[in-house]
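Below: one structure, written as C-alpha cells.
Just follow the structure's listing: the first ligand is 1, and inside any ligand the first atom is 1.
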Amino acid sequence: MSNYHIKNLKEYFNVYEKSVKEPEVFWEEIAEEHFLWHKRWDNVLSWDFTKPEIKWFENAQLNITENCIDRHLRTKKDQTAILFEPNSPSEDALHISYGVLHDKVNQMANVLKSKGVKKGDRVCVYLPMIPELAYTVLACARIGAVHSVVFAGFSASAVATRIVDSDCKIVVTSDGANRGAKTIDLKGIVDEALKSCPGVETVLVAKRIHTEIHMQSGRDYWLAPLTESASTECAPEIMDAEDPLFILYTSGSTGKPKGMVHSSGGYMVYTAFTFKNVFQYREGDVYWCTADIGWITGHSYILYGPLANGATTVMFEGIPSYPDCGRFWEIVEKHKVNQFYTAPTAIRALAKEDLKFVEKYDLSSLKVLGTVGEPINEEAWHWYNDNIGNKNSPIVDTWWQTETGGIMISPIPYATPTIPTFATLPLPGIQPALMDENGKEIAGNQVEGRLCIKFPWPSIARTIWGNHQRYQDTYFSAFKNAYFTGDGARRDAAGYYRITGRVDDVIIVSGHNLGTAPIEDTINEHPAVAESAIVGFPHDIKGNALYGFVILKDTGADRDQLRKEINQLISEHVGPIAKLDKVQFTDGLPKTRSGKIMRRILRKIAGGDTSNIGDTSTLLNPEVVQSIMDEVI
Ligand code: PRX
C-alpha cells in the first residue's frame with residue numbers, strides 16, 4: 001500500500017489513521033518519496049496556533065518549478081503539460097509539452113530578471129486565461145519572486161488596492177481579454193489602477209486581442225519581443241520550504257481583502273498529494289479544471305497540483321455559454337477529458353439549458369466529476385450525475401478555501417461512497433472539529449456546529465501579507481487551539497460532513513467570496529446614500545445573490561436612477577460580480593443596542609421568509625422591522 005495513492009476505502013481508513021496518529025512520519029514519507037529537494041528538512045513540523053506560527057519541512061530547500069517541470073523532462077519532454085483551449089472554437093488548441101513549458105517559463109523568468117525582479121519581490125499578474133498567465137506564475141516561482149495573481153475580472157480600484165497592499169513594482173498584463181463574444185480592455189483597467197500605484201515601475205504586456213492600446217514610454221513593454229530573445233535556461237532559485245510562494249487575496253467580512261500567503265514546500269506536497277487522490281489521476285489522463293487561475297482553485301488544481309504529478313492539465317480561456325451552452329461538453333469530447341472539475345453555479349446554469357447541448361457530445365471519457373466553491377444543491381448534483389457522469393462517474397464535492405491551499409474534505413472517487421450535498425470525509429492529515437457557540441468541541445455524530453481544524457496541514461496559509469495580527473484574529477481567536485474556517489457544518493451518523501454555508505458576513509455569489517463591508521462602503525460613497533446593509537438571498541443559478549437595504553439622505557431622488565448609479569459604483573470599485581440584484585430603499589435598519597446591524601433579520605426579509613423573523617427584543621429599534629417588511633421595492 002502506498003500512502004501517496006489511495007485506491008479503496010480500506011486504504012483510505014488506514015492511511016487516514018496513520019496521518020492522525022503519526023502526522024510527521026506520514027508527511028515525511030510522502031515528501032521524501034515523491035519530490036525533489038536540494039536539502040532535507042531539519043524538522044518536519046513545528047506549530048503553535050496561539051502565536052500563530054506553523055512551519056513544515058523546516059530548513060529544507062527546493063524549487064517548486066523543478067518539481068513541476070524539470071524532473072518530468074527525462075520521461076515526459078514531449079507529453080502535453082498544458083492543453084490550452086482558446087475562447088473561440090475556431091482557433092486551434094495549443095498542446096504545450098513539458099519541454100516547451102520549460103523553455104517558455106525560463107524565458108519569462110529571464111525577462112522578469114532583466115526588469116530587476118529578485119527573490120522575494122512581489123509581482124502582480126493581471127492576465128486572462130492565456131498561456132502567458134501560466135508562464136508568468138511559474139516564472140515567478142522559478143526566480144523566487146512572490147506572485148500575486150489578481151483575477152482579470154476585477155475593477156481598476158480592486159487591482160490598485162492589491163498592488164499597493166503587497167507593494168508590487170511590476171505588473172504583467174495583456175492588451176485585453178476575450179470573454180465569449182466580448183472583449184475586455186485589461187490594459188485600460190491597469191492604466192486606471194496605476195494612477196494610484198506610484199510604486200509600479202514596469203508593466204509587461206502580452207498581446208492577445210490585438211487592439212490599439214496606450215503604451216507609456218519607459219514603463220510599458222510588449223512581452224513577446226522580450227521573451228523571444230531571452231534564453232531558455234534560467235537556473236532555479238533555491239528556496240527555503242517556508243519562503244512565500246505566492247499571495248492570493250480573498251475577501252474578509254470586514255476591511256480590505258486579505259493577502260493570504262502560501263509557502264513553497266508544504267503547499268507543493270499537499271496540492272500534489274490531494275490532486276493525485278481526489279481526482280485519481282493516472283498516467284495518460286487528461287484533466288480539466290474550469291476555474292480561473294485568478295482563484296485558488298486555479299493555482300492549486302490547474303497549475304501546481306497537476307504539474308507536480310506530471311499530468312496533462314487543460315486551461316480554458318472562454319466561458320461555458322460561448323458560442324453556445326454545449327461548449328464545456330464539446331471540449332470534453334474533443335480532448336477526451338477524464339477528470340472534470342467545475343463550480344455548482346456553472347452546473348446550475350447549464351442544467352437550465354436544453355439537454356440537447358449535452359446529448360450532442362460523447363462524454364464517455366469522463367471518470368471523475370468534481371465541484372468546488374459553494375454547497376451543491378441536490379437537484380444540480382443529480383443533473384450532473386445523470387447527464388454528465390451517466391451515473392458512473394463519481395462526483396467529488398470538494399470543500400476547501402483560499403486559506404487552506406488544498407482540498408480538505410472530499411470523497412476519494414471509487415473509494416468513498418458519495419451522498420449528494422455531502423463533502424463526506426476529511427482527507428488524510430485533516431482533523432476537523434465542530435464547535436458550539438461557547439467554543440466547546442461537539443463530540444459524536446449527527447451534530448451541527450462551526451467547522452474548525454484542530455491540527456496543521458502542510459498547505460495552510462502562513463499569514464496575511466503585512467498583517468499577522470489580522471491572521472490571528474480572523475482564524476485563531478474564535479476557538480482555542482483551532483483554525484476557524486468561517487463555515488458551519490453538520491456531521492451525519494456515518495461521520496460524513498455537509499457544509500451548511502458561511503457563518504460570518506461573507507456571501508458566496510456564483511462561487512465568489514464577497515465581503516459585505518467593502519460593498520457597503522462603496523454604496524455609502526454615493527452622495528444620496530446615508531447608510532446601507534447587504535445580505536445574500538437564494539438565487540437559482542448564482543446560489544446567492546445580493547440584496548441591498550439602503551437608507552437615503554434625500555428621499556425625493558429618482559429611485560430607478562439611483563439603483564443604476566449604485567450598481568455602477570459597485571462595478572467600478574469592487575467589480576461587476578458584486579452588483580446588487582435587488583435594492584430596497586428603507587427608512588431604518590434593525591440594530592442592536594451596540595449599533596450592530598442585525599443581518600439575520602435582513603436575510604429573512606430578503607429571502608421572503610417573514611413568517612418567523614425570530615427574536616427582536618435586543619433591537620434598539622424593533623419597530624423598524626415591520627416597516628421594512630411593509631415596504632415594496
Ligand atoms: O464557504 C465555503 C465555500 O467557499 C468558501 C471558500 O471560498 P474561497 O476561499 O473563495 O475558495 C473557494 C475554492 C476553494 C468556503 O469557506 N466552499 C468551498 N467549497 C465548498 C464550499 N461550500 C460548500 N461545499 C463546498 N464543496
Side-chain angles (χ1 to χ4, degrees), residues 149-151 153-154 246-253 257-262 267 270-271 274-275 278 289-302 304-305 341-348 369-378 380-381 384 395-411 416 418-427 430 432 448 450-453 457 459-461 464 474-475 478 483-490 496-515 536 542-544 575 577-578:
V149 183
V150 177
F151 171 59
F154 275 123
F246 65 85
I247 301 170
L248 188 59
Y249 286 88
T250 187
S251 309
S253 44
K258 301 170 289 190
M260 305 313 305
V261 180
H262 281 284
Y267 175 81
Y270 193 76
T271 53
T274 48
F275 172 74
V278 171
C289 165
T290 69
D292 192 290
I293 291 174
W295 310 114
I296 191 70
T297 309
H299 280 58
S300 302
Y301 298 109
I302 295 178
Y304 289 114
Y341 191 28
T342 195
T345 185
I347 298 168
R348 287 191 295 262
L369 301 177
T371 71
V372 60
E374 56 187 311
I376 177 160
N377 50 308
E378 200 147 349
W381 193 98
Y384 200 29
I395 295 178
V396 290
D397 176 352
T398 64
W399 172 83
W400 58 297
Q401 309 177 294
T402 305
E403 296 86 337
T404 68
I407 299 169
M408 304 286 280
I409 303 182
S410 167
T416 320
T418 59
I419 304 180
T421 76
F422 281 79
T424 75
L425 297 169
L427 292 180
I430 305 308
E448 190 165 337
R450 282 150 196 253
L451 179 62
C452 289
I453 314 289
W457 61 100
S459 65
I460 183 174
I464 292 174
T474 311
Y475 305 107
Y483 163 85
F484 176 43
T485 64
D487 283 325
R490 188 152 74 78
Y496 274 23
Y497 288 87
R498 177 187 190 177
I499 310 303
T500 50
R502 301 291 307 186
V503 293
D504 56 11
D505 291 337
V506 171
I507 306 170
I508 304 193
V509 178
S510 298
H512 302 312
N513 283 10
L514 298 173
K542 301 182 195 179
N544 293 295
I577 183 84

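Here Ile508 has side-chain heavy atoms under 4.0 Å from ligand 1, and that is the only part of it that gets that close. Under 4.0 Å from ligand 1, the heavy atoms of Arg502 that appear belong solely to its side chain.
Ring to ring, Tyr301 and Trp400 are close: their centroids are under 6.0 angstrom apart.
The shortest N or O to N or O distance between Thr402 and ligand 1 is under 3.5 Å. The distance criterion of under 3.5 Å between nitrogen or oxygen atoms is not met by Thr371 with respect to ligand 1.
Side-chain N or O atoms of Ser459 include one that pairs as donor or acceptor with a backbone N or O of Thr404 at under 3.5 Å. In this structure, Tyr384 contributes its side chain and Gly370 its backbone to a donor-acceptor pair below 3.5 Å. Between the side chain of His299 and the main chain of Trp295, a donor-acceptor pair closer than 3.5 Å is present. In this structure, the side chain of Tyr270 engages the main chain of Ile407 through a donor-acceptor pair within 3.5 Å.
Of all the atoms in ligand 1, the ones that sit under 4.0 Å from a non-hydrogen atom of Thr398 are 19 (N), 20 (C), 25 (C), 26 (N). Residue Val372 has at least one heavy-atom neighbour below 4.0 Å for each of these atoms of ligand 1: 13 (C), 14 (C). Each of the following atoms of ligand 1 lies closer than 4.0 Å to a heavy atom of Asp397: 24 (N), 25 (C), 26 (N).
Distance from atom 16 (O) of ligand 1 to its nearest protein heavy atom, with residue and atom name: Asp487 OD2, 2.6 Å. Nearest non-hydrogen protein atom to atom 6 (C) of ligand 1 is Trp400 O, 3.7 Å. Nearest to atom 25 (C) of ligand 1 among the protein's heavy atoms is Glu374 O, 3.5 Å. Looking only at heavy atoms of the protein, atom 13 (C) of ligand 1 is closest to Thr297 OG1, 3.4 Å.
With sequence neighbours left out, Asp292 forms a salt bridge (charged side-chain N to carboxylate O under 4.0 Å, His left out) with no residue at all. The side-chain contact (heavy atoms from CB on, under 4.5 Å) test applied to Thr402 returns Leu248, Thr250, Met260, Ile296, not counting sequence neighbours.
At least one heavy atom of Gly373 sits closer than 4.0 Å to an atom of ligand 1.
Taking the six-membered ring where tryptophan is involved, the planes of Tyr483 and Trp457 are perpendicular, since the angle between them exceeds 60° and thus also 30°.
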